[in-house]
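Report on one structure; see the data block that follows.
Chain letters run A, B, ... following the sequence lines, proteins first and then strands; every chain starts at 1. Side chains are part of it too, since the values below use all heavy atoms of this structure and drop only hydrogens, waters and symmetry mates. Predicted model only: the values in this text are computed from it and were never measured.
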Protein chains: 2
Amino acid sequence: MTDIPRFAPITRRTIAQEIHDRLADSITGGDFRPGSQLPSERALCQEFAVARTSVREAIQGLVAEGLVERRGNRTHVVERLPGIDISGEDIRKETVRQLFEVRRVIEISVFELAACRATDTQRSEITELAGLFEPPMAIAEFRALDRRFHWAIAQACGNALLSELYGKVLDSLFGSEAFESLLYAEHNQAEVDLIVAGASEDHRRIARAMAEGDPVAVSEAVVGHLSDVEGRMLGHLE
Amino acid sequence: MTDIPRFAPITRRTIAQEIHDRLADSITGGDFRPGSQLPSERALCQEFAVARTSVREAIQGLVAEGLVERRGNRTHVVERLPGIDISGEDIRKETVRQLFEVRRVIEISVFELAACRATDTQRSEITELAGLFEPPMAIAEFRALDRRFHWAIAQACGNALLSELYGKVLDSLFGSEAFESLLYAEHNQAEVDLIVAGASEDHRRIARAMAEGDPVAVSEAVVGHLSDVEGRMLGHLE
DNA sequence: TCTGTTGGTCCGGTGGTCAGACCATAACCG
DNA sequence: CGGTTATGGTCTGACCACCGGACCAACAGA
């Protein structure tokens, strides 16, 4: 009997396609206000670390699909996205809401498993990382530490596939332009400071429960943490 | 103030790197018995749908890392994988065990959300798909339908990010060579027939609860389903 | 009106990939 | 044991994607 095919064919994706999709997701995800100017080709070159020809091809696709348009010698997001009739603001909040829903589904289990399975070394690392949160903190510094903290716990859950999936949630959380633009908006600064302070306290609480190997306490701390941060972000930021 | 960088740099990956990683994962994941012959370069060309030069480069990397070795004019998995001292059989079962753990974390929530949020059209589709399970069924046919059934539910959960993540779990579930090799092993046929019959019944039960919009019943059915299939796969297959 | 920025076009070069051909050697089969 | 088949090794020419850069026309802003 012939061998079972074990592997799916390789799929190929050009750099322009990847850039196109990321820009399209960003636009439809509410990161750009309708009518606003897109970053220039040269600026996007730098951010994506690619040649201008790749960025050009991606943007040409966006023009063809009606997501952006040329105005003079500038590229702007169209005033009305095809097929979408809620505002960028609402899209952004829905994106964040869904992200928290996913976190509730996965993060609680990951943290509970880590509480049970982490090695002593991992518990020490988690405790040490929690101790580094010292408000007030610059947003960028806070987020970098926040990610390290969550990833350390992810690695302690003892399930490679679950760690990988949670890593993708963290990629969404820390790579989300919708999330970032809420945090960095000038008029949200005072509220963001409160979020940072609350989250820092929550992280220490989680780390203590983790160090004690108490999954129930960890679960309660995570539930409270998610509820608090989500409530503040959706209720108080714009 | 300068714009916040919104996008991470593009990463580049060659076809040979992708093939290398997939082969390495397959080998360390227990899909090839130690000492067994790897599929030929030409066979892998066909499966991956790439040129021989790409497959060659990937395999040369595996040789360099000590995962495979040349014996005469054949390529074989090494008898002892570097850094691994449990058998492929145990690795395979651990892979499957972790996969079920991830399913319990995510699938129950996805199904519960779908029970609450599915449209009438989606409920009808789910019911129809469940009705297509008619044991006895060929494994390949069963798995294709199984995947459609789970994906239909995933799309009904009302959270794009969660659907995407669950899609990756399904990719692992239906793309896992560890899983496939347990199912297709000749000596497991009778037990697999029992798994197919039990799963078909469970799917109908889930679809009924889904049609009734009963998340509690859906949750119970899913928990039972996962427990049953996992128990059979880990306890009775080899 | 002038300057700077942006999009448009073009160029030559590099790396990755492709399909194919051919050969030497080992494995397999009668 | 000999013949056939299969496999890995090497090589070739072609094509594509991508790169970095240069230059220009037109627009936006001061």
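- Taken over five-pair windows at either terminus, the axes of the helix from C/dT1-D/dA30 to C/dG30-D/dC1 are inclined to one another by 40° (rounded to 10 degrees).
- Heavy-atom distances under 4.0 Å link DNA chain C to no residue of residues 56-65 of chain B.
- In this structure a side-chain-to-backbone donor-acceptor pair under 3.5 Å is present from B/Arg117 to B/Cys157.
- On the nucleic acid side, DNA chain D contacts chain B at distances under 4.0 Å to non-hydrogen atoms, with the end points of that region at D/dA6 to D/dC19.
- In this structure, B/Glu41 atom CD and C/dC18 atom C1' are separated by 15 Å, rounded to whole Å.
- The nearest whole Å value for the distance from the CG atom in A/Leu44 to the C1' atom in C/dG7 is 13 Å.
- The list of side-chain hydrogen bond (donor to acceptor under 3.5 Å, both in side chains) pairs with a residue in residues 132-147 of chain B, not counting sequence neighbours, reads B/Arg143-B/Glu180, B/Asp146-B/His150, B/Asp146-B/His203, B/Arg147-B/Asp171.
- No side-chain heavy atom of A/Trp151 sits less than 4.5 Å from a side-chain heavy atom of A/Phe174.
- For the side chain to side chain donor-acceptor pair (under 3.5 Å) test, no residue two or more places apart in sequence or in another chain qualifies with A/Arg74.
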Review item, side-chain donor-acceptor pairs of residues 48-57 of chain A, under 3.5 Å, at least two apart:
| unit_1 | atom_1 | unit_2 | atom_2 | d |
| --- | --- | --- | --- | --- |
| A/Arg52 | NE | A/Glu41 | OE1 | 3.1 |
| A/Arg52 | NH2 | A/Glu41 | OE1 | 2.8 |
| A/Arg56 | NH1 | A/Glu41 | OE2 | 3.1 |

Base-contact (B) and sugar-phosphate-only (S) positions in nucleotides 21-27 of chain C, heavy-atom cut-off under 4.0 Å, - elsewhere:
B---BBS
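- Between A/Ala154 and A/Val110, the closest heavy-atom pair is CA-CG1, 4.0 Å.
- With sequence neighbours excluded, the residues forming a side chain to side chain donor-acceptor pair (under 3.5 Å) with B/Glu65 are B/His20, listed by chain and number.
- The salt bridge (Lys or Arg N to Asp or Glu O under 4.0 Å) test applied to A/Arg12 returns no partner, not counting sequence neighbours.
- Between B/Ala16 and A/Leu38, the residue whose closest nucleotide on DNA chain C is further toward the 5' end is A/Leu38.
- Scored by the side-chain contact (heavy atoms from CB on, under 4.5 Å) test, A/Glu230 finds A/Arg97, A/Phe100, A/Arg104, A/Leu234 as partners (sequence neighbours excluded).
- Using a 4.0 Å heavy-atom distance criterion, A/Thr53 is classed as a base contact.
- For A/Asp21, the side chain to side chain donor-acceptor pair (under 3.5 Å) partners at least two apart in sequence or on another chain are A/Arg13.
- Open room surrounds CD on B/Gln46; 12 or fewer heavy atoms of other groups in view lie less than 6.0 Å from it.
- For A/Gln60, there are no side chain to side chain donor-acceptor pair (under 3.5 Å) partners, not counting sequence neighbours.
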